[in-house]
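First comes the structure, then the notes that go with it.
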Protein chains: 2
Amino acid sequence: MNIGQAAKASGVSAKMIRYYESIGLIPKTLRTESGYRVYSDHDVHTLRFIRRARDLGFSVEQIADLVSLWQDRERASKDVKAIALEHVGVLERKIRELQEMASTLKHLAVNCHGDARPHCPILEELASDGAEPAAAKPDAKFGVLGKTAAR
Amino acid sequence: MNIGQAAKASGVSAKMIRYYESIGLIPKTLRTESGYRVYSDHDVHTLRFIRRARDLGFSVEQIADLVSLWQDRERASKDVKAIALEHVGVLERKIRELQEMASTLKHLAVNCHGDARPHCPILEELASDGAEPAAAKPDAKFGVLGKTAAR
DNA sequence: TTTAATCCTTCCAATCATGGGAAGGTCAAG
DNA sequence: CTTGACCTTCCCATGATTGGAAGGATTAAA
C-alpha cells in the first residue's frame, strides 16, 4: 500500500504520516526500490489509533505514550487511565476558560443595542480603566483559540 | 514612557508591543534620539484595550476591527455587536467540541479499572476498527488545544 | 510507444501569538 | 567610569498542519 492509500484508509493525511515518521511517532517504513513508502494493514491500524487519539485532543507527545502502552502487553491500565484523566483535566480547564469568555461577551452583547448608534457597552468595557471584570485571562500555557487542528 | 513601563502599565509584554507595531495593529510610536520607543498614557490605554480583547479570546484580526470601531465616533454599535456575537459562536462551538471529547474520555476512563492489570477499555476504544463513537472530530479550522496563548 | 495524469519523493515556507536569546547600543546611579 | 538595567534589531522555536515547488515514478489512455 502506498502512502496515499494508507492515508485514505486511516484518515491521516499523507503529509501527517510523513511528519509522524519524521518525529519518530511511527517507525520508518519499508520502501520500494524507487523510494515509495509501503504500508501494511497493521501500519494502517496504528495510524487509525493515532487519529482517534488526536480526535480526542491528545497531543502528539501523549499519543506517543499511548501508542507505546498500547503495544506493551504488560502495561498497567492505571498508566493509561492517568494519561486520560490528566487530559480530561486539561480539557475541562479549557472549557471553563472559554465559558467565562463566552459568558462575559454575551452579557456585554445583551446590553448593546446593536443598532446604528455609536453607544456600545462592549467597547466601553474593553476600554474601561477599572480592574478586570468577570473574564479570566487565559492560561499562559494553553491558548484559547489555537489553530492547530487534529486532522 | 519607555516600552518596559508601557508594558507594565498595560499588561502587554514589550515583545508583544513591538509585534503589534510590526503588524500594524498599533501605529509606530515616536522615538527618542537614541531610538527608544516612547509611549503616552493614551497609547497605554489602547494597549490595555487590546489586552482585554485578547483576554476574551479575540484574534488579532478581530482586535484590529474592534480598535478601529472604538476609535470611530460614528460607528454603529451593531458592527461591534456582530463581531462579538460571531466570536461567541466560535467560542461555543469550541466549547461543545471540547465537551464531547471530555465526555467520551470520562466514559472510557470510568470503565477502566486503573490498576496493575493490562486490560484497558481506553486503549481498546482507540484501537477499535468500528465506526467513530461519540467523540466528534475537531473542526479542521479551529484546533482544540493550541498552544498559542494570550498572555 | 508516447504522453498525460496521477502518484510519489524531499525541502522549504506559512500559519498564530508568543517567548527566548544573542549582539550591541543607551542610560542612570554609584 | 563602571555596573546593571534597560533598550534596539534579528533570528529561532513552539504545535500540528497545510501548501507548494521541483523533480522522479507509475499507470492508464491515446
Side-chain angles (χ1 to χ4, degrees), chain A residues 1-8 10-26 28-39 47 50-51 53-64 87 90 94 137-151, chain B residues 1-8 10-26 28-39 47 50-51 53-64 87 90 94 137-151:
Chain A
M1 200 180 329
N2 282 341
I3 198 171
Q5 298 165 307
K8 256 182 206 159
S10 66
V12 178
S13 73
K15 280 273 189 196
M16 289 311 297
I17 295 176
R18 294 192 196 98
Y19 172 69
Y20 289 152
E21 181 188 308
S22 82
I23 62 172
L25 178 57
I26 55 178
K28 294 188 181 165
T29 60
L30 293 175
R31 303 277 190 131
T32 64
E33 281 181 25
S34 53
Y36 284 21
R37 289 173 180 81
V38 177
Y39 296 88
L47 286 169
I50 291 170
R51 182 180 57 78
R54 285 282 321 127
D55 288 348
L56 288 171
F58 286 101
S59 68
V60 166
E61 200 184 348
Q62 287 174 311
I63 295 175
H87 184 46
V90 171
K94 180 161 299 300
K137 280 161 280 194
D139 180 328
K141 268 204 155 50
F142 295 96
V144 164
L145 290 175
K147 56 141 277 190
T148 66
R151 330 179 344 92
Chain B
M1 198 180 333
N2 282 341
I3 198 171
Q5 296 165 306
K8 255 182 207 157
S10 66
V12 179
S13 73
K15 280 272 189 194
M16 288 313 296
I17 295 176
R18 294 193 196 98
Y19 172 68
Y20 290 152
E21 181 187 310
S22 82
I23 62 172
L25 177 56
I26 55 179
K28 293 187 181 168
T29 60
L30 292 176
R31 303 279 190 131
T32 64
E33 282 181 22
S34 53
Y36 283 22
R37 288 173 180 81
V38 177
Y39 296 88
L47 286 169
I50 290 169
R51 183 180 58 77
R54 285 280 323 125
D55 289 348
L56 288 172
F58 285 101
S59 70
V60 166
E61 199 183 349
Q62 286 173 313
I63 294 175
H87 184 44
V90 171
K94 180 164 300 300
K137 281 161 279 192
D139 181 333
K141 268 204 156 49
F142 295 96
V144 164
L145 289 175
K147 54 140 281 189
T148 65
R151 344 183 336 88

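Values below: all heavy atoms of this structure, side chains included; hydrogens, waters and symmetry mates excluded. First the proteins, then the strands, lettered A, B, ... as listed; each starts at 1.
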Practice prompt. Begin from the C-alpha positions of A/R37 and A/R18 and carry the test side chain to side chain contact (heavy atoms under 4.5 Å, CB included) through to its verdict.
Written response: CA-CA 9 Å; A/R37 289 173 180 81; A/R18 294 192 196 98; 3.6 Å; yes

Using whole Å, what does the distance between atom [atom2] of nucleotide [N] and atom [atom1] of [X] come to?
| X | N | atom1 | atom2 | result |
| --- | --- | --- | --- | --- |
| A/I63 | D/dT17 | CD1 | P | 8 Å |
| B/E21 | D/dT9 | CD | P | 8 Å |
| A/M1 | C/dC8 | CE | P | 12 Å |
| A/M16 | D/dG15 | CE | P | 13 Å |
| A/D55 | D/dT17 | CG | P | 9 Å |
| A/I17 | C/dT10 | CD1 | C1' | 16 Å |
| A/I26 | D/dA16 | CD1 | P | 14 Å |
| B/E33 | D/dT8 | CD | P | 15 Å |

Item to complete: For B/K15 and for B/E61, locate the closest nucleotide of DNA chain C by heavy-atom distance; then report the residue assigned to the nucleotide nearer the 5' terminus.
Response: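 Looking at the nearest nucleotide for each, B/E61 comes out on the 5' side.
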
Presence of [X] side-chain N/O under 4.0 Å of [N] phosphate oxygens OP1/OP2:
| X | N | result |
| --- | --- | --- |
| B/R18 | D/dC7 | no |
| A/S59 | D/dG15 | no |
| A/T32 | C/dC8 | no |
| B/S34 | D/dC7 | no |
| A/Y20 | D/dT17 | yes |
| B/R31 | D/dC7 | no |

Discussion item. Show the nearest heavy-atom pair for residues B/T29 and B/V38, with the distance to one decimal.
Written reply: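 Closest heavy-atom pair between B/T29 and B/V38: CB-O, 3.5 Å.
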
Worksheet item: Want to settle it: does B/G4 or A/V60 sit nearer the 5' end of DNA chain D, counting the closest nucleotide to each?
Response: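 Closer to the 5' end of DNA chain D: B/G4.
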
Candidate nucleotides [options], ranked by approach to the side chain of [X] - the nearest:
| X | options | result |
| --- | --- | --- |
| A/Y19 | D/dC7, D/dA16, C/dG19 | D/dA16 |
| A/I3 | C/dT9, C/dG19, D/dC7 | C/dT9 |
| A/Y36 | D/dC7, D/dA16, C/dC8 | C/dC8 |

Practice prompt. Report the C-alpha separation of A/M16 and A/R51 in whole Å, then their side-chain angles, then the decisive distance to 0.1 Å, and conclude whether the side chain to side chain contact (heavy atoms under 4.5 Å, CB included) test is met.
Written response: CA-CA 10 Å; A/M16 289 311 297; A/R51 182 180 57 78; over 6 Å; no

Worksheet item: Checking side chain to side chain contact (heavy atoms under 4.5 Å, CB included) for the pair B/L25/B/Y19: CA distance, chi angles, key distance, verdict?
Response: CA-CA 9 Å; B/L25 177 56; B/Y19 172 68; over 6 Å; no

Fill in: Under 3.5 Å donor-acceptor, A/H87 side chain and A/Q62 backbone
no

